[in-house]
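Below, chains carry the letters A, B, ... as their sequence lines are ordered, and counting in each starts from 1.
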There are 2 protein chains.
Amino acid sequence: MPSISGKTIGRLCVYRRQLQRLRDEGKSNVYSHQLAALTGGSAAQVRRDLMAIGYRGTPYHGYRIDELSGSIASFLDDPDGQEVALVGLGNLGRAILAYFDGWRPHLTITAAFDVDPGKVDRVIHGCKCYAIAKLESITRRRKIAVGVICVPAREAQTVAEKLAGGGVKAIVNFAPRRLHLPDDIYVEDIDVTTALEKAAFFALEHKRQPDSKAK
Amino acid sequence: MPSISGKTIGRLCVYRRQLQRLRDEGKSNVYSHQLAALTGGSAAQVRRDLMAIGYRGTPYHGYRIDELSGSIASFLDDPDGQEVALVGLGNLGRAILAYFDGWRPHLTITAAFDVDPGKVDRVIHGCKCYAIAKLESITRRRKIAVGVICVPAREAQTVAEKLAGGGVKAIVNFAPRRLHLPDDIYVEDIDVTTALEKAAFFALEHKRQPDSKAK
DNA sequence: TCACATTTGTGATTTTTGTCACATAGTTAT
DNA sequence: ATAACTATGTGACAAAAATCACAAATGTGA
Ligand SMILES: NC(=O)c1ccc[n+]([C@@H]2O[C@H](COP(=O)([O-])OP(=O)(O)OC[C@H]3O[C@@H](n4cnc5c(N)ncnc54)[C@H](O)[C@@H]3O)[C@@H](O)[C@H]2O)c1
Ligand SMILES: NC(=O)c1ccc[n+]([C@@H]2O[C@H](COP(=O)([O-])OP(=O)(O)OC[C@H]3O[C@@H](n4cnc5c(N)ncnc54)[C@H](O)[C@@H]3O)[C@@H](O)[C@H]2O)c1
């Protein structure tokens with residue numbers, strides 16, 4: 001079975017976003033090399049990725065934006081929609097809640113959890129905050145399969161286990177800790193600190209060798 | 001010249017963070033397989049990465065935590081320290097500012113920029129906010145080489161060009177837009193939306209095939 | 001109609017990344 | 001000593017990802 005790579009999935013998300021933008025601009029067709037320029041890849045890469053989901057363009061006309069968009073959507077999205085649980089309403093958690101508030105209807109953060117009694121039972125950015133103790137029962141009852149972890153690093157593992165216990169199958173983890181979970185649970189780490197340190201390193205390289213053209 | 005891969009750089013940052021934690025726990029030595037378990041890689045991977053920076057452990061004792069930590073630091077860090085400029089003090093920008101406030105001294109966010117007159121000239125989370133018009137002159141004068149973009153997507157390209165114009169050499173970009181910049185400027189994208197959509201996809205896979213053991 | 005330009009789809013190839021496996025070296029126990 | 005362990009460093013290998021390059025398809029224009 002020709003399973004599809006995680007990198008391709010990521011790029012498909014990016015393609016789709018750019019397609020939406022092109023459609024808003026009134027375009028109806030797009031070439032692989034245009035999509036490549038917009039997303040920072042190569043034309044061949046784009047074609048390979050689209051091949052993976054079975055959508056076929058037509059030579060000379062490229063891809064029909066609406067069709068391709070729909071093709072990606074039917075590949076990536078749950079037609080019933082998906083709910084997301086977010087744990088930890090600190091600075092980051094609230095920023096994310098605000099950002100995704102009113103987001104596309106098929107993927108919505110519909111439950112938040114925190115230990116802080118000052119946040120529990122309030123509605124924040126359109127999302128009800130529950131006590132952490134209710135996490136497992138609520139995710140299980142509502143069949144929530146996606147979680148976001150925005151709690152301090154020390155709490156991350158515990159929270160991850162609760163999410164897993166509540167039937168969550170995929171987690172976006174902002175805490176700088178490797179989560180130890182059953183193999184069948186997908187974890188996408190977002191490590192802001194590492195990203196910054198990495199950038200700092202490349203800036204430093206630049207200072208160490210003021211000439212090189214390396215990317 | 002045996003240039004070092006970006007992936008290795010990223011992992012070195014992660015190793016270092018875990019080393020610090022181990023040291024705080026009073027440990028003085030660590031084995032490659034322990035570091036691997038802590039960071040989610042393999043022991044061989046860890047050894048390869050450390051080989052890349054030239055640090056050598058000793059069989060049976062593994063690596064000395066303080067030495068290795070220092071080795072990584074001297075490889076990654078600017079001994080003079082590095083300043084970072086953050087642009088866009090919205091929800092996300094402020095969360096990041098709060099998070100890195102009082103961070104390790106060698107990498108500090110020391111200047112923030114925004115268009116909003118309500119934020120300009122105030123000090124937020126220990127960081128002075130300047131008018132966006134002053135970006136290029138301030139980064140240039142203070143030789144700031146690292147920037148973080150937290151402005152709305154539509155403004156990201158313009159801001160990126162200003163950063164580049166001010167001599168910034170590496171950028172962490174939170175806006176969901178591919179930045180078009182000279183090749184010698186490093187860009188690290190952090191795409192939260194894609195991360196969430198990707199996680200949602202894998203959760204969905206789970207629902208589509210309730211059996212598979214795939215990671 | 002036919003030469004020519006443009007773009008897709010994909011086999012072949014290259015480049016990058018990660019893993020294996022084992023010689024080497026340090027440690028312990030007898 | 002020396003046998004038995006344990007862990008590193010690294011050449012050889014395997015897997016994954018990206019790129020190349022070209023046949024096939026589509027449109028253009030004389
Ligand atoms: N803020 C950032 O920009 C940023 C950047 C990088 C990483 N992170 C990571 O994201 C996480 C959150 O960061 P933050 O700045 O929002 O922290 P924060 O301290 O502002 O917020 C943490 C929130 O989690 C809640 N919490 C604590 N323990 C909990 C538990 N067991 N169950 C449920 N809720 C709990 C707290 O009540 C608080 O609301 C941290 O792991 C941090 O390392 C944040
Ligand atoms: N908040 C999140 O969790 C989140 C998640 C994913 C991506 N993002 C991305 O991060 C960026 C910021 O998100 P946010 O939620 O903080 O948005 P926000 O609207 O809360 O903040 C944007 C800030 O940028 C400032 N700004 C606007 N134009 C500017 C300019 N030209 N120069 C300087 N400052 C300018 C605004 O005054 C405002 O303070 C966006 O691109 C968003 O797509 C945010």
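- Among pairs with a residue in residues 23-43 of chain B, those fulfilling salt bridge (charged side-chain N to carboxylate O under 4.0 Å, His left out) read B:E25-B:K27, at least two apart in sequence or across chains.
- Taking all atoms of both residues into account, the shortest heavy-atom contact from B:L196 to A:V172 is CA-CG2, 3.9 Å.
- The nearest pair of heavy atoms linking B:A164 to B:L181 is CB-CD2, 4.3 Å.
- Using a cut-off of 4.0 Å between Lys/Arg side-chain N and Asp/Glu carboxylate O, B:R178 and B:D189 are scored as salt-bridged.
- Rounded to an integer number of Å, the gap from A:N29 CG to C:dT8 P is 10 Å.
- Checked against a 6.0 Å centroid threshold, the rings of B:F75 and B:Y55 do not count as neighbours.
- Put simply, B:R47 has no side-chain N or O that comes within less than 4.0 Å of OP1 or OP2 on C:dT19.
- Heavy-atom nearest nucleotides on DNA chain D were determined for B:H33 and for A:S42, and the one closer to the 5' end corresponds to B:H33.
- Rounded to an integer number of Å, the gap from A:Q45 CD to C:dT10 C1' is 14 Å.
- Contact check on B:R177 versus B:D191 returns no salt bridge, with no Lys/Arg side-chain nitrogen under 4.0 Å from an Asp/Glu carboxylate oxygen.
- Protein chain A touches strand DNA chain D; the 5'-most and 3'-most nucleotides with an atom under 4.0 angstrom of its non-hydrogen atoms are D:dA17 to D:dT28.
- Atom CZ in B:R48 sits about 11 Å away from atom P in C:dT19, given to the nearest Å.
- The stretch residues 50-75 of chain B comes close to DNA chain D through B:M51, B:R56, B:G57, B:T58, B:P59, B:Y60, B:G62, B:Y63, each having a heavy atom under 4.0 Å from the strand.
- B:K162 has no carboxylate O lying under 4.0 Å from a charged side-chain N of B:E136, or vice versa, which leaves the two without a salt bridge.
- Salt-bridge formation is not detected for the pair B:K143/B:D80: no Lys NZ or Arg NE/NH1/NH2 atom is positioned less than 4.0 Å from an Asp or Glu carboxylate oxygen.
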